[in-house]
Protein chains: 2
Amino acid sequence: MDIRQLRYFVAIAEEGSLSAAAQRVNVAQPSLSQHVIALERELDVTLLDRSPRGVTLTQSGEVLLSHAHEVIAALDRARDAVRQSGSEPQGAVSFGLPSSIAMVLSVPLAETVRLELPKVKLRAIDAMSGFIKDWLDGQTVDLGILYDIGTVRHLNHRQLMTEELHFFSAPDAWPFESSPGSPVPVSELPQVELVLPSPQHGLRVMIDRSIKPTGVSLNIATEMDGLGHIKTMVARGSGYTILAPAAAIDYVERGELIMAPIVEPRLVRPVYLVRNPAKPVTRASQEVERITLEVIRDLLARGIWQAFDPKSDAAE
Amino acid sequence: MDIRQLRYFVAIAEEGSLSAAAQRVNVAQPSLSQHVIALERELDVTLLDRSPRGVTLTQSGEVLLSHAHEVIAALDRARDAVRQSGSEPQGAVSFGLPSSIAMVLSVPLAETVRLELPKVKLRAIDAMSGFIKDWLDGQTVDLGILYDIGTVRHLNHRQLMTEELHFFSAPDAWPFESSPGSPVPVSELPQVELVLPSPQHGLRVMIDRSIKPTGVSLNIATEMDGLGHIKTMVARGSGYTILAPAAAIDYVERGELIMAPIVEPRLVRPVYLVRNPAKPVTRASQEVERITLEVIRDLLARGIWQAFDPKSDAAE
DNA sequence: CAAAATTACGCTTGTCGTAACGATA
DNA sequence: TATCGTTACGACAAGCGTAATTTTG
C-alpha cells in the first residue's frame, strides 16, 4: 500500500469510475485497474463493485477511502510543516503549566517568545498537573510541564531541574525555637498546624509520599485548594504550609512570608518538560522549547527560581 | 515524498547513521543517501547534518521525523481497519444524541446493536445539540444527530426525518376553547404562559426563528433548561410548552400530558445524522449507522416517533 | 451492444546494488 | 587513516501505455 495508490483510489471513489479517474490523474485506465487489484490482494478484501457503468465502493472500500483521506492529509501536513520549518517560526503553540510554575515562568517566557518569535502565538495555560497530564494524552497542548512522569514515561520528556519544597511561615509567627528561616527537620513539622491542598493535588501527593517513609504524621488543620488562598492564610499567621519556592516568591519578596528549607529528608521533586507525541513537532514548538530552557536557566541563575542542588546536601 | 522514503528516514533518524539504517531496512546505503537527497531537494531544506561519524537531524529533520511517524501511523491504521472490515464488526462507536432524541432512540438502538453487533461497544452520549456539534468538530464522537447543520454543512450528513413540534398541556388544563388535542394556531399561543428552555438551547432557537416572521410574540413565563423539569411543571398545570413529540412521549403515554400539533405555520425541523470526518470510518460505525436508520424506520412505522409528513399539510 | 473493466505485452523510468571517490575527526 | 557519506553506473523490476479481450445491464 502506497501513497500513490491511495491517491488513485480516492480519485476512483470520487469519480465512481476507473476510466474517469484515469483521465483525472493522467494515467492509463488499465494501470488504475492494476493498482486496485493489487490493493485488494494485499488487504485481502474487495474494494469495488464493478459494473459496466462504473464502480461503487464496498463497505471495505468506504473504510479505505476515509483512511486514505487521513493518510493523504497527514502527508500534506508533513510537507507543509517541513517547508515552513526553513523559514521564520510561526503558528500557535500551547503550553500547559502547573500553577506554581506558571507563576514564575509564564511571564518571562511569554515576553521572550514575543520578542524572539514575533510570529508565534503562545498559549500558556495554567492548571493543576492532573489536567496537564490529560492534555498531553489528548490533543490539547503541544508542550507541558509535569512533576510526575510516571504515567507518561513513554512520552518524549526532558528533566528541567529539581525543585526543593520549603516550609512557609508568616514573618512574625515563626513556630520553632530555631531562628526564622533556618532549616526545618521533617520531625518538627507535626508541631504546627498546616494548610495544604487536598490529596487530589499533585503537590499534596508528593508531600504525602515523601513523608510517609519517615513515619511522621502531619498535623493538617486545613485542606484548601487554590494557591492564593493558602498563601494569604499563612501570611496572616493562621497556619503554615509547604510549597515550592517558585509558588510563593511573590509573598517572600514582599516580606509577607518567610521560607525555610525542609531537611531530614529534603523534599525534592523533579520538573519535566514533556512533548505531546500526538501533536507533530513544528519549528515554532521547537523554538518555544528552546526558549523555555533558556528562560529557566536565566531564572535559576538570577536566583528567582531555586533548584535543588545535590552538592549542598553532600556538604552537610 | 513517499511512504517508503519516510520509513527510511525514520530508520536513519533512529540509527543516527545511513549505514546502520541501510542494514536495518535491508537496502544498500547509497540508496538511502539518494532518498534523503531527493527529499531535501523536494522540500527545499536540509534534513541531516552529515559527519564522518554518522548523521544528526537538523531542526527541519526533527519536524519531518515527527510528521513521518504520523503518516506511518495513519497508514498502519488504514491497513488494520480495512483488513478488519472484512470480518465481524468490532470496536467502540460513540454516538452523540440530543436529549430529546436520545429519549426515544437510545434504548432501542443500543438493544439492536447489542443483538446484531455483539462485538461492538456503543457509547450513546446524550447532550444538548451545541455540545454535539462541538464533539463532531473535535475527536469526541464518531456519529451525531443534529437539527441544524448550518455550521457543519461540509460534513458528511444525511437527513433522517423531519420532526414537527407540538404544543403540550396538562390533560385537565387545556387552555383553548377548542377541544383538547386539536391543532393550535401560532396566533393563539400568546394566550398561554409558556415554559421553554433558554435561548442557548437548540429547541428554543428553532422556535424563536420559526415564530419571528409571523410577528407573534410568545408569552414566556419561565425559562428553564432540563427537559424533565419542563415536563413536570407542565404536567402539574403550571404552564404550557412546545416540544418534539419524542421528547415527551413518556408523559403522553402515561396520560400526564396531552399534545397537539401547532399550525399556521407548522413548526418543523429536520433531523440529520452526521458523520465525524476526523474519525475514520470503521466497519462498526458503518453498521451502527445502518442500524440507526433501521431503528428509526421501525419507530416511525410503529408511531412511537412522529415524522412530519408534508402530504398532510397539502391536504388542508 | 455499448460502456466499462480486465488481461496481455512491450517499454520507460525509478530504484537498487556494486564500485569508486570524497570528506572529516 | 578509518569510517562514513556521496557520486557513478549498470541491472532489474515496478509501473505505465497501447491494444486486445471479457463482462454485464
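Note on naming: letters A, B, ... go to the chains in the order of the sequence lines (proteins, then strands), and numbering restarts at 1 for each one.
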Problem - Short N-O contact, R79(A) and D76(A), less than 4.0 angstrom - result: yes
Exercise for the section: Ignoring backbone atoms, test whether R50(A) places a side-chain nitrogen or oxygen under 4.0 Å from the OP1 or OP2 oxygen of dG25(D). Expected result: no
Fill in the blank from the handout: Within residues 21-48 of chain A, the residues having a heavy atom closer than 4.0 Å to DNA chain C are Q29(A), P30(A), S33(A), Q34(A), I37(A)
Practice task
Taking the side chain as every heavy atom from C-beta outward, state whether W305(B) and E163(B) have any atom pair closer than 4.5 Å.
Solution key: yes
Handout entry: Carboxylate-amine/guanidinium contact E62(B) R290(A), below 4.0 Å
Key = no
Handout entry: Axis deviation across the helix from dC1(C)-dG25(D) to dA25(C)-dT1(D), five-pair ends, to the nearest 10°
Key = 40°
Exercise for the section: Kindly indicate whether the side chain of P118(B), heavy atoms from C-beta on, has any atom under 4.5 Å from the side chain of E88(B). Expected result: yes
Completion exercise
Closest to the 5' end of DNA chain D, once P52(A) and G54(B) are matched to their nearest nucleotides, is G54(B)
Practice task
Check the surroundings of atom CZ in R24(B): do more than 12 heavy atoms from other residues, nucleotides or ligands lie under 6.0 Å from it?
Solution key: yes
Handout entry: Test side chain to side chain contact (heavy atoms under 4.5 Å, CB included) applied to V82(B) and D44(A), L65(A), L64(A), the passing residue
Key = L64(A)
Practice task
Kindly indicate whether the side chain of I145(B), heavy atoms from C-beta on, has any atom under 4.5 Å from the side chain of F95(B).
Solution key: yes
Exercise for the section: Look only at the side chain of S85(B) and the backbone of V63(A), and say whether a donor-acceptor pair between them is shorter than 3.5 Å. Expected result: no
Handout entry: D2(B) CG - dG15(D) C1' separation (whole Å)
Key = 13 Å
Exercise for the section: Calculate the interatomic distance between D49(B) atom CG and dC4(D) atom P; express it in whole Å. Expected result: 17 Å
Exercise for the section: Count the heavy atoms belonging to other residues, nucleotides or ligands that lie under 6.0 Å from CD of Q23(A), then report whether that count exceeds 12. Expected result: no
Exercise for the section: Starting from P on dA14(D), measure out to OH on Y8(A) and report it in whole angstrom. Expected result: 16 Å
Problem - N/O (side chain, S19(B)) to phosphate O (OP1/OP2, dG5(D)) under 4.0 Å - result: yes
Exercise for the section: Let me know the distance between CZ of R53(A) and C1' of dG25(D), rounded to the nearest Å. Expected result: 8 Å
Practice task
Could you tell me from which nucleotide to which nucleotide of DNA chain C, 5' to 3', there is an atom under 4.0 Å from chain B heavy atoms?
Solution key: dT15(C) to dT24(C)
Practice task
Evaluate the side-chain proximity of R7(B) to V25(B): yes if any heavy-atom separation is below 4.5 Å, no if none is.
Solution key: no
Exercise for the section: Answer whether the closest heavy-atom distance between the side chains of V274(B) and I132(B) falls below 4.5 Å. Expected result: no
